[in-house]
Structures are given as C-alpha cells and as structure tokens.
Amino acid sequence: MTTHAPRTAQAVTLPTTLDEAVAALTAMPAAVPVAGGTDLMAAVNSGQLRPAALVGLGRISEIRGWQYQDGHGLLGAGLTHARMGRPDFAALIPALAAAARAAGPPHIRNAGTLGGNIASAAPTGDALPVLAALEATVVIAGPGGARREIPVSHLLAGVEMLRAGELIGYVRVPLLHAPQVFLKATGRTGPGRAIASVALVLDPARRGVRCAVGAIAPMPLRPLDAEQWVAQLIDWDNNRAIVPEALTAFGEYVAQACIPDPAPEADGSVQQLPPAVLHLRRTVAALARRALGRALS
C-alpha cells in the first residue's frame with residue numbers, strides 16, 4: 001500500500017505460457033517481468049523504479065507447480081512461498097519448505113515466488129542459502145524456445161547473468177532424501193528479515209555436509225573447508241554419530257570462515273572487529289552449530 005499512486009505503466013501483458021512471456025520481453029526490451037511483486041512494488045512505491053511496461057507471469061500455470069525428474073525436483077519459478085511451505089512440499093525438500101515458512105507475514109508468503117527470490121537476489125532472501133547448499137541449478141527460458149541451465153550460485157554471484165528476453169523458468173534441486181535444516185536470526189520476534197541464516201543439508205551418498213550462510217553478504221557463502229572438515233568427523237556407519245565438541249567447533253569454523261578477522265596492518269598490528277560484527281559472528285556460529293546438531297539428531 002502507498003499514499004501516493006505511482007505512474008501507470010504504459011503497457012501490461014499477461015501471457016499464459018513461458019514462451020509467450022519470453023516473446024513479450026523480447027518485443028518490449030524495457031518491460032519488467034512481475035510475478036508476486038513483493039520486491040518490485042516496494043521499488044515502485046519508493047520511487048526507485050518506474051517500469052515502462054510490465055509482463056505479468058501470474059497466469060503461466062506451467063511454472064506454478066513441481067515434478068520429479070531423474071532424482072531431482074523440477075520446481076516452477078512461480079511457486080509461492082505459501083505453497084512451498086505446505087507439508088507435501090516439505091516432505092520433498094524440507095529446508096526449502098522451512099525457508100518458505102519463514103519468508104515473512106502471510107501476505108508476503110502468498111505473493112512472493114521462488115523465481116522472484118532468485119531474480120531479485122536480495123541478500124536476505126530466505127530461499128537463497130538453501131538453494132546454494134543444495135547446489136541447485138536454474139533453467140532459463142530464452143527466445144525461440146531456447147533453454148539453458150546454470151548453477152544458481154553463478155547467477156547470484158553475477159558470474160552469469162540473464163540475457164535480453166530471458167526468464168527464470170524452473171529450478172532443479174537434487175532430492176537427497178536426508179535431513180535438511182534452515183535456521184535464521186531476525187532483529188525482532190516473529191517473521192522478519194534475517195540478519196543471518198544458515199542452511200545445512202546432509203548428503204549420505206557422498207558422506208558429505210553442505211552448508212550455506214545467508215544475509216551477511218551480497219550472496220550466500222559456502223564454508224567449504226568447514227564442510228569437508230566436519231564430514232570427516234561424522235560416523236556415517238553408526239547413525240551419523242559425532243562428538244558434541246565437534247558441533248561447537250564446526251559453528252566457530254563456519255563463523256570464522258564467513259566473518260574473518262581483519263588482515264594485519266603494515267606494522268603487524270591487528271584491529272579488533274566492531275562489537276556488532278562480533279555479535280553477528282557469534283550468531284552465525286550458533287546457527288551453524290544448531291543446524292548441524294538438528295540434522296544429525
């Protein structure tokens with residue numbers, strides 16, 4: 001809601017298929033795609049964006065569900081957070097369902113979409129660390145029916161960008177059939193923007209642990225050394241047992257990797273991190289420790 005009405009867009013197109021949406025974007029290079037509009041309308045209301053045209057994605061039924069495909073879940077970009085939070089989806093990808101349920105108040109969860117979370121790439125996007133930990137890939141639809149697939153981490157890091165006329169159509173997520181956890185800390189009680197979040201998934205087939213930390217950097221961070229270190233301490237053949245001290249050490253390892261100490265000055269002195277940053281580091285350590293403990297319990 002806003003007390004001032006934004007200027008009306010010059011054109012609004014409502015395609016019913018993904019290829020129709022791509023064609024509309026190709027024909028109108030200045031057009032902006034919109035699904036739930038939770039981020040777009042915030043930018044419009046604040047005066048940061050005045051789209052010349054809109055391509056609405058809400059009528060494209062093919063991207064509003066999911067299907068099984070070769071050991072993966074093929075998730076439509078139009079899936080809302082509310083839909084992903086339901087029990088049937090939680091049985092498929094528990095960590096993503098948990099992130100969807102934590103995405104905000106009901107009106108945000110009912111409107112916001114998986115594809116929009118990726119496209120806006122806001123650091124506080126709850127789905128992003130989960131997708132990074134799962135090593136998900138994005139299926140991008142382009143002109144002429146073209147499809148290409150890239151790791152979601154490449155898109156978030158800006159290694160590869162959406163080209164003119166392209167849209168995020170689907171997200172391909174490996175189905176690990178193993179414990180997954182998503183935790184986040186907010187600055188206030190109830191649903192809110194994360195000040196830090198952690199997604200952790202176990203990969204028993206590879207005897208691996210995957211962890212991603214969100215909200216503290218422009219994109220989710222993967223503490224790869226910490227993952228490899230703790231995976232070697234887990235007794236995968238004995239109910240995934242681990243000594244309690246390793247949980248604490250893992251949390252500290254993750255936090256140190258994501259929020260390192262400042263580099264020494266030329267004279268050899270080392271500046272201390274500000275209290276707020278030290279608090280954030282402790283928060284990340286606690287989230288990582290709890291996430292691993294829950295996944296292994």
Using the salt bridge (Lys or Arg N to Asp or Glu O under 4.0 Å) rule, take Arg193 and Asp126 through it: C-alpha gap first, then chi angles, then the decisive distance, then the call. CA-CA 8 Å; Arg193 291 188 179 275; Asp126 292 317; over 6 Å; no
How far does CE of Met84 sit from CG of Asn117, to the nearest 0.5 angstrom? 7.0 Å
Other residues, nucleotides, ligands: >12 heavy atoms within 6.0 Å of Arg294 CZ: no
Can you run down the salt bridge (charged side-chain N to carboxylate O under 4.0 Å, His left out) pairs that involve residues 237-253, sequence neighbours left out, and say none if there aren't any? Arg207-Asp237
Under a 3.5 Å cutoff, is there a donor and acceptor pairing between the side chains of Arg59 and Thr16? no
For residues 55-100, the ring-ring contact (aromatic ring centres under 6.0 Å, His included) pairs (sequence neighbours left out) are Trp66-Phe89
Would you name the heavy atoms of Leu200 and Ala291 that are closest together and state the gap between them? CB-CB, 4.0 Å
When you look at CD of Gln272, are more than 12 heavy atoms from neighbouring residues, nucleotides or ligands closer to it than 6.0 Å? no
Under 4.5 Å between side-chain heavy atoms, hopping through other hydrophobics if needed: is there a path connecting Tyr170 to Leu155? no
Arg222 side-chain N/O to Ala212 backbone N/O, donor-acceptor pair under 3.5 Å: no
In terms of hydrophobic clustering (I, L, V, M, F, W, Y; side-chain heavy atoms under 4.5 Å; direct or indirect links), are Ile242 and Leu183 co-clustered? yes
Please, which pairs that meet ring-ring contact (aromatic ring centres under 6.0 Å, His included) have at least one residue in residues 239-296, sequence neighbours excluded? Trp229-Tyr253
Give the intermediate values and the outcome of salt bridge (Lys or Arg N to Asp or Glu O under 4.0 Å) for residues Arg172 and Asp70. CA-CA 10 Å; Arg172 192 186 306 278; Asp70 300 326; 5.8 Å; no
Interatomic distance, CD@Glu227 vs CG@Leu292, rounded to 0.5 Å, equals 11.0 Å
Looking at Asn239, I'd like to know if its CG atom is crowded, meaning that more than 12 non-hydrogen atoms belonging to other residues, nucleotides or ligands lie closer than 6.0 Å. no
Count the heavy atoms of every other residue, nucleotide or ligand shown that sit under 6.0 Å from CZ of Arg206, and state whether that count exceeds 12. no
Spell out, yes or no, whether Ile93 and Ile63 are grouped together once hydrophobic residues are joined by side-chain heavy atoms under 4.5 Å, including indirect joins. no
If you measure from CG on Leu287 to CZ on Arg282, what distance do you get to the nearest 0.5 Å? 13.0 Å
I'd like to know whether CD of Gln271 has more than 12 heavy-atom contacts from other residues, nucleotides or ligands below 6.0 angstrom. no
